[in-house]
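Below is one structure, written out as structure tokens; comments come after it.
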Amino acid sequence: MIKRVFLYLLFTLFLPTILDAQNFPSIKDYFNSGISIRGGISHLVLKDEFISQEKYAGFAPYYALDWSNIHDSYGFHFTMDLINTNELKNYNMSAKMIECSMSLGYMYDIGNTELYSRKIYFMLGPAPEIYIHFRSQNIAKGGLAIFDAYSFAALFSVGIRLDAYYPINNDFALAGSLQSSLISLAAKYIDPENKSKSLIKITAPYSDGKYSFEASAAFSYFRPIKFQAGYKFKFIRLTSWDYMASAGDNLFLTLTYML
Amino acid sequence: MKDKVILLFILFLILQQGCSDLIIDGPEKETKLGDFEEAWGIAKHYYPFFEFKKVNWDSIHTVYRPQAMKCKGDEIYMVLYDMFRQLKDGHIDIYTEGGFSVKTFFWPRYYKDKDSFSPEVIRKYFPEPLKLAGEDRFEYGITNNIGYVRFETFSDGSWIKSFTDIMAYLSNTTGIVIDIRNNSGGSASTADFMMSHFINKTQEFYSYDKHKNRYIYSLYPIGASGYLKPVIILVNGASFSCAELFPERMRQLNNVTVLGDTTGGGGGYGRIYTLTSGKRLRIPDNYFTRNDGTIVEWNGILPDILVPQTVQDIKSGHDKQLEYVINYLRAVKH
């Protein structure tokens, strides 16, 4: 129900009348410079064949902190996010999960083009990232087992990020980003009896990686405070060991203090 | 304008479903009742303790099969766990499909003694820091010319080869303490390997199997010369399985004494069985006994010298069992 309310709100935000196009100096005016606090709700789906073939799903709060700034020749984002839940469910079985990541994006202006008579600006750059995933699974009823089954994964990635900014007017803009890991140092907890597999591997994006897509609408009516509402899809996939996939649909609100 | 509306509508539809649900799917087929019947059948065929534990395994099937039939998803783990808990066996584990094992039972003496033992307190009895070896699984040293070696597992691996070097290092001591308190067991072959350092010629050891047949097996000495001076093996309620087999067999040597508290009572030899679905189950199919033929399962092994120890002893900084051993070995005439 909460998810549907957010969806309708987001849909409504896209509908306001589009004003006449104006001349905008450069992308520096629309880059999200400042310190941001983000909160929202995430619908998570997780499958880790180290634990079982079943998928677990549930809702969890989503938090993030961001510090971004733009200089003459480049911009950067430094973002930390966290999801922590005890309520991933597979029928009457539950699992706890913590996911956190820290990413750094160095963004370079690669030009702009026109879309519906307005300019859309693009930035591209490398994006190293650290991702950590921990899951705890209570296999016994009522917590009778002393130890839960657990699973752990980590990715230390060098990736790439593409940002797009679509200003509608001085105070309202749409933004989006795509991020993907390219090469990663990945680690996963494995069966200690399985001596044929290594705990740590260097992996390529077609086998193991983290991918995300984000779209948002930003309002700067009350400068220096900017308000943003958006959607982020995050997907992590590891196949070098027992298959693991974690995906999340995140709806968020962001408050930015513009620097 | 029309393009924008179509684009937003498509986005709206995707968000209604959730990309995460679209991308990740569940298993292709259901195997719950099959898992239950296979697991129950394996125990029925191989488990050696039904009569000793007075468990009617057919009645257990009648109770749990309806629950298994109603299971969805991973709920079958709960049914298997509850069913096997009835056997109160620390050697029965359920493995997740990737190999993570969950014990179905921890024996009562484990809870009594698991915190009445502390490596930090032990280190205070040694004038120099204890040395580490064998992938840091061995901790050893010398105090009052008494050798000491501690380890918490008898698992297989190349790490056990360091025991030969440790015994060479301790060869000039007047006695040795082998501390296997809080040792959860492992491989009988590791126990045999360690035992081989305490003999200087081919030695016969005996045991009993589940059919109460006595059998003899021989071990050959390892190392420059066997350690024939006094040996004390420290055990407690958290010593389990191979950490009970080892001291009980070692007691067949004249120079070995077992000291501490009654051990956990894990007398089964566990074997891993793989179900058709990929889940695994470890369950005993044989067992070992005390030297007099008494079943070790649930009973444990009794120390030659009983020295109980409590959590309060450890919290006050005293390892009474280790103090007793050091004083005992110092008093032994050489």
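Below, read A as the first sequence line, B as the second, and so on, with proteins coming before strands; counting in each chain starts at 1. No experiment lies behind these values; they were computed from the predicted model shown.
Evaluation of the side chain to side chain donor-acceptor pair (under 3.5 Å) rule for Thr113(A) yields no partner, not counting sequence neighbours. Taking the salt bridge (charged side-chain N to carboxylate O under 4.0 Å, His left out) definition, one finds that Glu75(B) meets it with nothing, sequence neighbours left out.
Using a 4.5 Å cut-off between heavy atoms, Ser151(A) makes no contact with chain B at all.
Here Ser52(A) is the residue among Gly248(A), Ser52(A), Ala57(A), Ala245(A) with the most heavy-atom pairs under 4.5 Å with chain B. Counting heavy-atom pairs under 4.5 Å between each of Asp48(A), Leu46(A), Asn90(A), Val45(A) and chain B puts Val45(A) at the top.
Residue-environment remark: NZ (Lys89(A)) exceeds the threshold of 12 foreign heavy atoms within 6.0 Å. Lys53(B) NZ: more than 12 foreign heavy atoms inside a 6.0 Å radius.
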Does Tyr91(A) form a side-chain contact (heavy atoms from CB on, under 4.5 Å) with Cys71(B)? I'd like the steps, not just the answer. CA-CA 9 Å; Tyr91(A) 300 101; Cys71(B) 275; over 6 Å; no
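Taking every heavy atom of both residues into account, Asp74(B) and Glu54(A) meet most closely at OD1-CG, 3.1 Å.
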